[in-house]
Amino acid sequence: LEKMTDLVAVWEVALSDGVHKIEFEHGTTSGKRVVYVDGKEEIRREWMFKLVGKETFTVGATKTKAAINIDAVSGFAYEYTLEINGRSLKKYLENRLKTTNTWILNLGGTDYRIVLEKDTMDVWCNGQKMETAGEFVEDGTETHFTVADHSCCIKAVSSGKRKEGIIHTLIVDNREIPEAVE
C-alpha cells in the first residue's frame, strides 16, 4: 500500500453500526483525490484539473450518504468539510444526540456498543441490527434482546416533562448501564 502522502483530513463518525474513520487525500499538484472509509479505498481519482468540488460516497452497513466538500480558501489553501445525510458533520452529530441513545459496556471481557434509534426503535450492537421483542408495561415500553447470553432490556418511560420527552434506560442482567457520550 502506498504511503498516504497527501492526507489532508481525517474524521471519526459515529453511526448506529459503529464508529467509522473517513480519511481524505488531496494532491493539489497532481489533482489526485482518494477517500478511505475504515481503511478501505472507496474513491480514487487521478489528474483532476478542478481542485475544488465534492466527492460523494456511502459509509457503514446502513449505506449512510456522505460527501466531502473541497473549497479554496485563499491562494493554494483548501478547506475540507464532511457532510453526512446532507448536513454538516456538526449538525448531523447534534441531531444524532436527539435521535439516538448509545451505551458502551463490557460483558465477559468483550466491549459492546449498543445504539437505540429512537425514531424506529431499532437496536444495534457492534454493527449488527438486533432481533428485539417489544412489550407494553405499566409505565411505558420495554424492548428485549440478548447480547452474548445476557438478557438486555431498554425501558422507555415518560419523563412527565414535555421538553425532556421519553427517557430510555438500558438494563443488562438487572443492572442499569449509564449512557455513553460519543
Side-chain angles (χ1 to χ4, degrees), residues 1-106 110-130 162-168 170 178-182:
L1 200 72
E2 72 183 64
K3 190 141 168 42
M4 286 196 242
T5 50
D6 297 320
L7 188 66
V8 292
V10 177
W11 295 275
E12 299 259 320
V13 181
L15 300 177
S16 295
D17 70 330
V19 179
H20 299 279
K21 185 177 186 178
I22 298 169
E23 297 166 292
F24 183 56
E25 282 186 61
H26 189 215
T28 51
T29 49
S30 66
K32 173 181 79 172
R33 296 181 191 175
V34 187
V35 176
Y36 298 92
V37 177
D38 298 327
K40 184 178 160 287
E41 189 175 297
E42 288 295 316
I43 297 172
R44 174 177 290 270
R45 300 194 200 297
E46 304 283 351
W47 305 108
M48 297 281 293
F49 292 105
K50 208 169 157 227
L51 291 174
V52 295
K54 184 180 228 173
E55 291 298 338
T56 56
F57 53 100
T58 60
V59 179
T62 53
K63 297 268 182 247
T64 301
K65 286 191 194 97
I68 295 172
N69 294 304
I70 308 152
D71 298 298
V73 184
S74 65
F76 291 100
Y78 296 90
E79 182 179 79
Y80 308 96
T81 51
L82 179 67
E83 286 178 6
I84 303 291
N85 280 339
R87 291 191 176 122
S88 72
L89 182 60
K90 184 179 186 290
K91 285 264 182 267
Y92 173 79
L93 293 174
E94 284 169 3
N95 183 59
R96 195 169 160 72
L97 283 174
K98 295 178 196 139
T99 60
T100 62
N101 287 77
T102 303
W103 297 272
I104 310 274
L105 64 148
N106 188 296
T110 303
D111 287 330
Y112 294 95
R113 179 176 177 271
I114 296 172
V115 177
L116 168 68
E117 292 181 354
K118 295 186 215 177
D119 52 349
T120 58
M121 291 306 285
D122 286 342
V123 176
W124 292 76
C125 179
N126 290 3
Q128 300 295 313
K129 197 163 145 188
M130 303 300 286
R162 223 171 118 221
K163 280 229 188 293
E164 277 178 46
I166 295 169
I167 297 170
H168 296 88
L170 175 65
E179 193 175 342
V181 181
E182 289 189 301

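Owing to the predicted nature of the structure, the values given are computational and were not obtained by experimental measurement.
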What's the verdict on side-chain contact (heavy atoms from CB on, under 4.5 Å) for Leu116 and Met121, showing C-alpha distance, side-chain angles and the deciding distance? CA-CA 6 Å; Leu116 168 68; Met121 291 306 285; 4.1 Å; yes

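Arg113 and Asp17 get closest at one heavy-atom pair: NH1-C, 4.2 Å. Shown here for Trp103 and His168, the closest heavy-atom pair between the two residues is CZ2-O, 3.8 Å. Across all non-hydrogen atoms, the minimal contact from Leu82 to Ala66 is CD1-CB, 4.5 Å. Between Cys125 and Ile114 the shortest heavy-atom distance is SG-CG1, 4.1 Å. Of all heavy-atom pairs spanning Phe24 and Ile70, the tightest one is CZ-CD1, 3.6 Å. Of all the heavy atoms in Lys118 and Lys98, the pair that sits closest is NZ-O, 3.3 Å.
Not a single donor-acceptor pair under 3.5 Å links the side chain of Lys21 to the backbone N or O of Val10. Between the side chain of Asp38 and the main chain of Val59, no donor-acceptor pair closer than 3.5 Å is present. For the pair Arg96 (side chain) and Ala14 (backbone), a donor-acceptor distance under 3.5 Å is present.
Considering CG of Asn126 and CH2 of Trp124, their distance stands at 12.0 Å, rounded to 0.5 Å. The CG atom of Asn101 sits 10.5 Å away from atom CD1 of Ile166, with the distance rounded to the nearest 0.5 Å. Put simply, CD on Glu55 and CD on Glu42 are 12.0 Å apart, with the number rounded to the nearest 0.5 Å. Note that NZ of Lys90 is 15.0 Å distant from CD of Glu83, once rounded to the nearest 0.5 Å. Atom CG of Leu89 and atom OG1 of Thr81 lie 10.0 Å apart (nearest 0.5 Å). With values rounded to the nearest 0.5 angstrom, Lys54 atom NZ is found 12.0 Å from Arg33 atom CZ.
Counted by atom type alone, Tyr80 and His26 present one or more donor-acceptor pairs between their side chains at under 3.5 Å. Using modelled atom types, one finds a donor on one side chain and an acceptor on the other under 3.5 Å when comparing Tyr36 with Glu25.
Across Thr100, Val115, Thr64, a single residue satisfies side chain to side chain contact (heavy atoms under 4.5 Å, CB included) together with Leu15, and that is Thr64. Each of Leu170, Thr110, Asp111 was compared with Leu105 under the side chain to side chain contact (heavy atoms under 4.5 Å, CB included) criterion, and only Leu170 meets it.
Using a 4.5 Å heavy-atom threshold, the side chains of Tyr78 and Val8 count as separate. Using a 4.5 Å heavy-atom cutoff, the side chains of Ile22 and Ile68 are in contact.
Other residues, nucleotides and ligands contribute more than 12 heavy atoms inside 6.0 Å of the CD atom of Glu179.
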